[in-house]
**Q** 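Sending over a structure as structure tokens; questions will come in a sec.
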Amino acid sequence: MRSGTPGFQAERLVEARDSRGLTQVALAELINRTSSSISRWEGGAQSPEPEALDALSLSLNLPTAFFLRPLPDHGPAPLFFRSMANTTQSVRKRTQARLRWAQDIALSLQEWVDLPEVKVPRLEATDHREIGNEDIERMAHECRILWDLGIGPISDVLLVLENAGIVVVKEETGTVRMDGLSNWSAADGRPYVLIARDKDSCVRSRMDAAHELGHLVLHRHLGAKALNNSANFKEIERQAFDFGGAFLMPAESFSGEIHSPSLNAFVALKERWKVSIGAMIMRCARLDMLSEEHHRRLWKYFSARGWRKSEPLDDVLELEQPRLLNRSVRLLVDESIRSREALLNDFRLHGSDVEALCGLPRGFMTMEPAEVVPLPTLKRSAESAQGGGTVVPFSRDTT
């Protein structure tokens, strides 16, 4: 009887397959095994023999050591997806696996570097029905006070989150239906946010980040079961979006700059506040600055101008990028604390995955010093045999 691989972590195989967007059947075809074998390995009933583990490693583009790494205990905090209702389960699983890998990277990095202290206020509500609109406004205001942001526009939302100890990741999810994901990890008591860059625009990314911050602040103590009910999920998402609006557009200062709510007025304010015109319309409605008729008319004109697909200035405002993981990796490499190879051994991930999750240039984790090959030169005797050469002077440019 063939023996399996000691120390094999069944959950890691599930995680790897989800991250690559593969079904058990598809993975089985890749390694020329049966889907029932994959099922037994993932269920923990058996573990793959060394040859099969090598095949899994090759097919999933992961080092074999990845499958031997125990999973951290992230605790019971739910994962909050900002996505459309018809987002496929496969996409959700892939995004969750990617966030878990980012958490693995951050946990490894924290053995060598001190990340910013976590300073995130949180509401102690255990039921989303306990959260009122006044709570949402108050908690958004508390964040601004704690982080000394004042009541004006925020210049860089991702930088604010990272300075508060939140690890932020931005990468493509493979679909425009997924916007983000957030989670509090019990492994290090730190919040994590993944923002999709598939429909990347400055204002969208900022609202996605503020939305996920809303989940971290308002919904940390909610049970995962609350997300299984579609009505509950819709209300929880509404609360997070309203938090994002309150955080980015404080009632006092934002409303004070709108003398007459109109599309032209919103366009004029967009570059300053770096929020979408659609978000401004919704914020004005939340602040009771619009009648129902005025609200409907604004959305009608908004659609007529074709702004549901693309708004003015979307291609002008500069995108914000996470810095924390990127700079942590670079610091260790630049200061010769850890080599790239040592870091990959720590992370037990492929270099391309680390680069994507940490926002590093392609090839950064796998580059090797180029081999210096001396070019051949003619011997002097050979030059003489050809009669030497003529020196052709270049005219001096006197202009």
**Q** Group every Ile, Leu, Val, Met, Phe, Trp and Tyr by side-chain heavy-atom contacts under 4.5 Å, then state whether W184 and L218 land in the same group.
**A**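 Yes.
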**Q** Is it the case that Q239 and H215 place a side-chain donor and acceptor less than 3.5 Å from each other?
**A**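 There is no such pair between these side chains.
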**Q** Do N163 side-chain atoms and V160 backbone N/O form a donor-acceptor pair below 3.5 Å?
**A**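 Not confirmed, N163 side chain does not pair with V160 backbone.
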**Q** Around atom CD of E318, are there more than 12 heavy atoms of other residues, nucleotides or ligands at under 6.0 Å?
**A**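 At most 12 heavy atoms, drawn from other residues, nucleotides or ligands, come within 6.0 Å of this atom.
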**Q** Between Q89 and R92, does any side-chain donor sit less than 3.5 Å from a side-chain acceptor?
**A**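 The criterion, which ignores hydrogens and geometry beyond distance, is not satisfied for R92 and Q89.
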**Q** Do the ring centers of H219 and F80 come within less than 6.0 Å of each other?
**A**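 Yes, close enough.
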**Q** Kindly compute the distance separating CD1 (I38) from CD (E29), expressed to the nearest 0.5 Å.
**A**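 Separation between the atoms: 10.5 Å.
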**Q** Evaluate side chain to side chain contact (heavy atoms under 4.5 Å, CB included) for K270 paired with E311, printing each intermediate quantity in order.
**A** CA-CA 10 Å; K270 181 171 179 175; E311 293 183 359; 2.8 Å; yes
**Q** Does NE2 belonging to H295 count more than 12 external heavy atoms closer than 6.0 Å?
**A**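 For H295, atom NE2 is crowded (more than 12 foreign heavy atoms under 6.0 Å).
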**Q** Flag yes if more than 12 heavy atoms outside R238 fall under 6.0 Å of its CZ atom; otherwise flag no.
**A**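 Counting neighbours around CZ of R238, more than 12 heavy atoms of other residues, nucleotides or ligands fall under 6.0 Å, so yes.
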**Q** List the steps, then state whether salt bridge (Lys or Arg N to Asp or Glu O under 4.0 Å) holds for R206 with D156.
**A** CA-CA 8 Å; R206 284 164 59 89; D156 191 323; over 6 Å; no
**Q** Are more than 12 heavy atoms, taken from residues, nucleotides or ligands other than E341, located less than 6.0 Å from that residue's CD atom?
**A**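 Atom CD in E341 is not packed in, count stays at 12 or less.
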**Q** State whether a side-chain donor-acceptor pair under 3.5 Å links T34 with R40.
**A**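 Judged by distance alone, the side chains do not pair up.
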**Q** Could you go through the side chain to side chain contact (heavy atoms under 4.5 Å, CB included) check for R144 and I154 one step at a time?
**A** CA-CA 10 Å; R144 281 185 166 256; I154 300 173; 3.4 Å; yes
**Q** With side chain to side chain contact (heavy atoms under 4.5 Å, CB included) as the test, pick out the partner of F247 among I136, V217, D242, L149.
**A**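 Passing option: L149.
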**Q** With side-chain hydrogen bond (donor to acceptor under 3.5 Å, both in side chains) as the test, pick out the partner of S205 among E320, Q321, K170, K274.
**A**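 Going through E320, Q321, K170, K274 one by one, the side-chain hydrogen bond (donor to acceptor under 3.5 Å, both in side chains) with S205 is satisfied by K170 alone.
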**Q** Measure the CZ-OG distance between R204 and S276 for me, rounded to the nearest 0.5 Å.
**A**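 Interatomic distance, R204 CZ to S276 OG, rounded to 0.5 Å: 9.0 Å.
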**Q** Taking it one step at a time, do E355 and R340 satisfy salt bridge (Lys or Arg N to Asp or Glu O under 4.0 Å)?
**A** CA-CA 11 Å; E355 291 159 3; R340 292 175 173 86; over 6 Å; no
**Q** Do we get R308 above F302's six-membered ring, with its NZ or CZ under 6.0 Å from the centre and within 45° of the axis?
**A**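 No - R308 does not lie over the ring of F302 by the 6.0 Å and 45° rule.
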**Q** Could you walk me through whether V329 and L325 pass side chain to side chain contact (heavy atoms under 4.5 Å, CB included), step by step?
**A** CA-CA 6 Å; V329 171; L325 294 182; 5.5 Å; no
**Q** Test side chain to side chain contact (heavy atoms under 4.5 Å, CB included) on L181 and E212 and set out the steps.
**A** CA-CA 7 Å; L181 174 64; E212 296 305 331; 5.5 Å; no
**Q** Run the side-chain donor-acceptor check on residues 109-125: report pairs under 3.5 Å with partners two or more places apart or on a different chain.
**A**
| residue | atom | partner | partner atom | Å |
| --- | --- | --- | --- | --- |
| Q110 | NE2 | A106 | O | 3.1 |
| Q110 | NE2 | D188 | OD2 | 2.9 |
| E124 | OE1 | H221 | NE2 | 3.1 |

**Q** Under the ring pair (Phe, Tyr, Trp, His ring centres under 6.0 Å) test against F66, which residue among F8, F347, W101 passes?
**A**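 Only match with F66 under ring pair (Phe, Tyr, Trp, His ring centres under 6.0 Å): W101.
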**Q** Report yes or no: do S39 and S36 form a side-chain donor-acceptor pair below 3.5 Å?
**A**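 Their side chains do not contain a donor-acceptor pair, so the 3.5 Å distance test is not met.
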**Q** Looking just at side-chain N and O atoms, do Q103 and N183 make a donor-acceptor pair shorter than 3.5 Å?
**A**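 N183 and Q103 do have a side-chain donor-acceptor pair below 3.5 Å.
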**Q** Pairing donors with acceptors under 3.5 angstrom, does anything connect the side chains of S19 and R94?
**A**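 The answer is no; no qualifying pair exists.
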